[in-house]
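Report on the structure given below.
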Amino acid sequence: MKRIVVIGAGHVGFYVAERLSKKLRSDIKRGHVELMVIDPNQHMTYQPFLPEAAAGNISPRHGVVPLRQALKHCTILTGGVTEIHHAERRLVVQPLAGPTREVEYDQVVLAPGSVSRPLPIPGLADTAIGIKTMGEAIWLRNHVLQRFDVAAATEDPDLRRKALTFVTVGGGFAGAETLGELEDLTASIVDNYPEIDPDEIKWYLVEYADKILPEVGPQMGAYAARQLTKRGIDIRLGTTLKSCEGGHVVLTDGEEFDSDTIIWTAGVMPNPLLKKSDLPIGPKGHLEVNTRLQVATGVEAATDQTGEVVEGAWGAGDSAQVPDTTDFPLPYCTPSAQHAVRQATRLADNVHAAHVGAALKPYHHKYIGSVAGLGLYKGVANTYGFKAKGMLAWLMHRGYHLSRVPGVGRKGRILADWIVGFFTKREMVQLGEIGLGREPFEAIAAGADPVRAKPTTD
Ligand SMILES: Cc1cc2nc3c(=O)[nH]c(=O)nc-3n(C[C@H](O)[C@H](O)[C@H](O)COP(=O)(O)OP(=O)(O)OC[C@H]3O[C@@H](n4cnc5c(N)ncnc54)[C@H](O)[C@@H]3O)c2cc1C
């Protein structure tokens, strides 16, 4: 029996496994092939929905896809790969619990994505949060909502000001969308807090470049910046974070203030797992691949060369540097779901072609632009040269992602969330108490005082 292992069940890994399991169904059923998917989570996270989940527009459970239900013909191994010894066709996996185990394979698809790239900024590691996982989106929602209760309940003006000051660092997709959605949330719930004046709420967007949302082009990025500014968001371009020790934020433009909430989206880096492999890694830590999505060395940027192929290893998505052979100005495909899902289709077809001895085909996709949601009924879009703003762009954003999220049931649940949200008031419950887990029971059992909710900054 041949074993094909997919490392990571995100946008690349999930779609590769789904497509390949269909193509290889008869081989899998006859026991000739095993398709194994390894991921530390038992679900795929549809990342473009993280900002909507953080704002409470969709239930977090609806923004993820359970692997065992969706990938019926695959073997699911819940754990993280910790080492890759490709020369021996062997992986080391840390399962959820217990000792590590080894997995042997014939072919491996590397799709562990990217992780937040924290810079050595004093205080960043202790105070900031990224937005790459559903856990972070849930935490952020609880935390931001809890800031209102902190501010409304305290008599300390400094604590109050700190609680109501929010900072997002990074003005790409993740930063601008998260800020847009969360600011919209805070603006819509403040009426429930007569103790708080809406003018006390401060949102900052700090971006090193001279523009935000490069994904939608300069014109629409500038429009998005103007709209966010009109909403009272303080956008600092050409600026970055100097330090944020204990929540005391110092910007490179000299501004200083205190904040309990620092959302860090200023860049991502390829999953550091790749460094624990014997596969070729580029200067920025990406897996080197050719346009057939085979791991290969000696492939020049923006070319269709096959290079020196490492047999049996494939890669795509945020963790790989896939040459962009269109006339796009960048030499490698940008890290985006748009490329990831299309690369997944090509990759699955090529793995299947290699399996049956057919010719491999190159990946070629010209970036079509993008859509971004910036809060309820607000958005910006630039796709196929068609530019849209406001409600139309927002509808395009929702329509596009609804069409892309896997599974009819998942689409139905998300649509139901949106319809209920349209006819009802914004849900403002925060359940930060889930972080307490067994603490309340332990305290009672030990005869101590009942444990009350704790601030998320503890
Ligand atoms: C908030 C946000 C909004 C975004 N919005 C958009 C958008 O609107 N449009 C767009 O095109 N793109 C968007 N993106 C970018 C897009 O989501 C990514 O480019 C895409 O998810 C990359 O796919 P991937 O498969 O390479 O990685 P991922 O989707 O990140 O998947 C990686 C998988 O690998 C798993 N993994 C990690 N480490 C290990 C390990 N050691 N062993 C096994 N598995 C591992 C992870 O758990 C994960 O499931 C957004 C990203 C974010 C964070």
Side-chain angles (χ1 to χ4, degrees), residues 5-17 36-55 63-65 67 76-84 91-95 103 108-116 130-137 140 168 170 172-182 213 215-216 263-265 267-268 270-277 286-287 315-320 322 333-344 347 367-374 379-381 383 396-398 400-401 404-405:
V5 171
V6 179
I7 302 177
H11 282 70
V12 170
F14 178 87
Y15 286 104
V16 165
M36 179 182 276
V37 179
I38 308 178
D39 198 291
N41 294 318
Q42 48 87 279
H43 55 256
M44 178 258 194
T45 302
Y46 190 85
Q47 290 180 8
F49 274 142
L50 292 178
E52 288 228 34
V64 300
V65 185
L67 300 179
I76 307 295
L77 176 49
T78 308
V81 175
T82 55
E83 291 168 38
I84 303 166
L91 305 170
V92 180
V93 181
Q94 175 60 64
V103 173
V108 66
V109 175
L110 292 116
S114 54
V115 296
S116 296
I131 176 100
K132 287 287 288 174
T133 66
M134 197 50 86
E136 287 170 323
L140 249 179
T168 303
F173 261 137
E177 289 196 305
T178 304
L179 166 103
E181 294 288 355
L182 285 176
L213 277 173
E215 296 87 348
V216 293
I263 306 166
W264 178 261
T265 68
V268 291
N271 196 309
L273 162 68
L274 298 174
K275 293 198 175 131
K276 296 189 190 135
S277 80
H286 294 87
L287 191 64
D318 284 11
S319 61
V322 180
C333 297
T334 51
S336 65
Q338 184 184 136
H339 276 301
V341 296
R342 287 170 172 85
Q343 287 168 0
L347 201 159
Y367 190 68
I368 57 168
S370 225
V371 288
L374 298 171
V380 60
T383 49
M396 286 167 68
H397 158 79
R398 282 204 160 176
Y400 174 76
H401 288 300
R404 288 284 162 179
V405 74

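Read the numbers this way: they start at 1 and go in the same order the structure lists the ligands and their atoms. Computed from heavy atoms alone, side chains included, the values below leave out hydrogens, waters and symmetry copies.
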message = Quick check: do Val92 and Ile84 have side-chain heavy atoms less than 4.5 Å from each other?
response = no
Within the 4.0 Å heavy-atom sphere of ligand 1, strictly under, residues = Ile7, Gly8, Ala9, Gly10, His11, Val12, Ile38, Asp39, Pro40, Asn41, Gln47, Pro48, Pro51, Gly80, Val81, Ala111, Pro112, Gly113, Ile131, Lys132, Phe173, Ala174, Glu177, Asn271, Leu273, Gly317, Asp318, Pro335, Ser336, Ala337, Gln338, Ala340, His401
query = If you look at every heavy atom in Ala54 and Leu182, which pair is closest and at what distance?
reply = O-CD2, 3.6 Å
ask   = So which of Ile7, Val93, Val103 actually passes side chain to side chain contact (heavy atoms under 4.5 Å, CB included) with Met36?
value = Val103
message = Checking Gln343 against Gln338 for the side-chain contact (heavy atoms from CB on, under 4.5 Å) test, could you report, in this order, the C-alpha distance in whole Å, the side-chain angles of both residues, the deciding distance, and whether it holds?
response = CA-CA 9 Å; Gln343 287 168 0; Gln338 184 184 136; over 6 Å; no
task = Apply salt bridge (charged side-chain N to carboxylate O under 4.0 Å, His left out) to Arg342 and list each qualifying residue two or more places apart in sequence or on a separate chain.
result = none
inquiry  = Please determine whether side-chain contact (heavy atoms from CB on, under 4.5 Å) holds for the pair Glu177 and Glu52, giving the CA-CA distance in whole Å, both sets of side-chain angles, and the decisive distance to 0.1 Å.
reply    = CA-CA 9 Å; Glu177 289 196 305; Glu52 288 228 34; over 6 Å; no
